[in-house]
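Everything quoted here is computed from the prediction, not taken from an experiment.
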Amino acid sequence: MLRLGALVKTAVLQLPARGPFRRSVPPGPSYGLWSAVRTVSGSSAGGGGWYSSLSDSAPVHLCEHFLVSVQQVSGLPWWLSILAATVSVRTVITLPLAAYQMVIISKVEALQVEVADLAKRLRYEVSVRAREKGWTEKQSRFQFKKNLRRLVSQLYIRDNCHPFKASLLVWVQLPLWISLSLALRNLSLDPSELQAELAAGGALWFSDLTVPDSTWILPVCLGLANLLIVEVFSLQRVRVSGVQRLVLNGIRGFSLLMIPIAATVPSSMALYWFSSSLVGFSHNLLLRSPRIQKLLQLPTPRSSTPYRDLGSAFVSKYFRRS
């Protein structure tokens, strides 16, 4: 409390009186497949425009190499290889970032009580200074907001939890998702040895991974999985503001829009999108575990029965009797 008061007084004392990527082919027996990847990259650059440049960019080529390497090393059929690549990428890269995001959000939540007390003290100090300097209500409000932002920023620096760090997951996950999607598109559509392998590397109703799923099973499963993720996320919010409700409805609409989109792309891409959503959902549930949250040393208390609470909230929201 002494430190909090000192921060406020320091802020008040500062109040003014007035208001080209090249791929090298590795030696060894896999030369034929790596040569096929090079052919794919060269053919995808034939057109013009931003889409062709993006599909022939360095990150997409690296993802092509990664997918081919996973299939070669594992020896699995292509559909299982895509699943293995999805699980490995999301577990090694995005899961740690999701855990880091949870830590940052928890720290920000823990600061809310201190921020509320700080705002109360600052409002009083500004009102005193406003009477001394003859500030108008508009000037007082401006000084209050400006100094509150500075004080809150100092708290974020002190606890190393600026909210922008919580967005790191999006800035990594989205480009990775796009790069892997375009890599699968290149491998599936451009004539090569790999395209023939992908054409015979499917299973069940999606036996050909280079053509869209005519049954729409994968696209519909993708849409349902994304909607499930959105609804589970919405259950975490006890009070939803108007802006948050608008964003949630927008994401729901986008999840439904992904169904016809997934029905027009190669099955390899739809399979990757569906498996990525499932892995992300499982990671979301994993991070709710009390053991994981204890390991992360979250500063704010969490429920000891998260899965039971989630089930109860789901039933209460969608199956409660009128």
No-hydrogen, no-angle side-chain donor-acceptor test under 3.5 Å, [X] and [Y]:
X      : Y      : result
Asp190 : Gln195 : no
Asn160 : Lys107 : no
Asp56  : His61  : yes
Ser55  : Arg185 : no
Ser276 : Thr86  : no
Ser181 : Trp273 : yes

Evaluation steps, side-chain contact (heavy atoms from CB on, under 4.5 Å), between Phe206 and Thr215: CA-CA 9 Å; Phe206 54 97; Thr215 66; over 6 Å; no
When you measure from the side chain of [X] to the backbone of [Y], do you find a donor-acceptor pair of N or O atoms at a distance under 3.5 Å?
X      : Y      : value
Ser106 : Val103 : no
Ser81  : Trp78  : no
Glu64  : Ala183 : no
Gln71  : Leu67  : no
Asn284 : Gly280 : no
Ser167 : Val170 : no
Thr91  : Val87  : yes
Ser207 : Ala203 : no
Asp208 : Thr210 : yes
Asp213 : Ala263 : no

Might you point out which heavy atoms bring [X] and [Y] nearest each other, and give the distance in Å?
X      : Y      : answer
Val211 : Ser267 : O-OG, 2.6 Å
Ser140 : Val126 : O-CG1, 3.7 Å
Pro219 : Ile259 : CB-O, 3.3 Å
Ile82  : Ser268 : CD1-CB, 3.9 Å
Ser88  : Phe66  : OG-CZ, 3.7 Å
Leu198 : Leu187 : CD1-O, 3.4 Å

Hits for side-chain hydrogen bond (donor to acceptor under 3.5 Å, both in side chains) against Ser277, two or more places apart or cross-chain, chain-then-number order -> Asn226
Requested in this report: For atom CH2 of Trp171, decide whether the heavy atoms of other residues, nucleotides or ligands shown that lie under 6.0 angstrom number more than 12.
Outcome: no
Those residues at least two apart in sequence (or on a different chain) that pass side-chain contact (heavy atoms from CB on, under 4.5 Å) with Glu132 are Val128, Arg129
Ion pair present between Glu114 and Arg158, side-chain N to carboxylate O less than 4.0 angstrom?
yes
Worksheet item: Are the charged groups of Arg141 and Glu137 less than 4.0 angstrom apart, N to O?
Response: yes
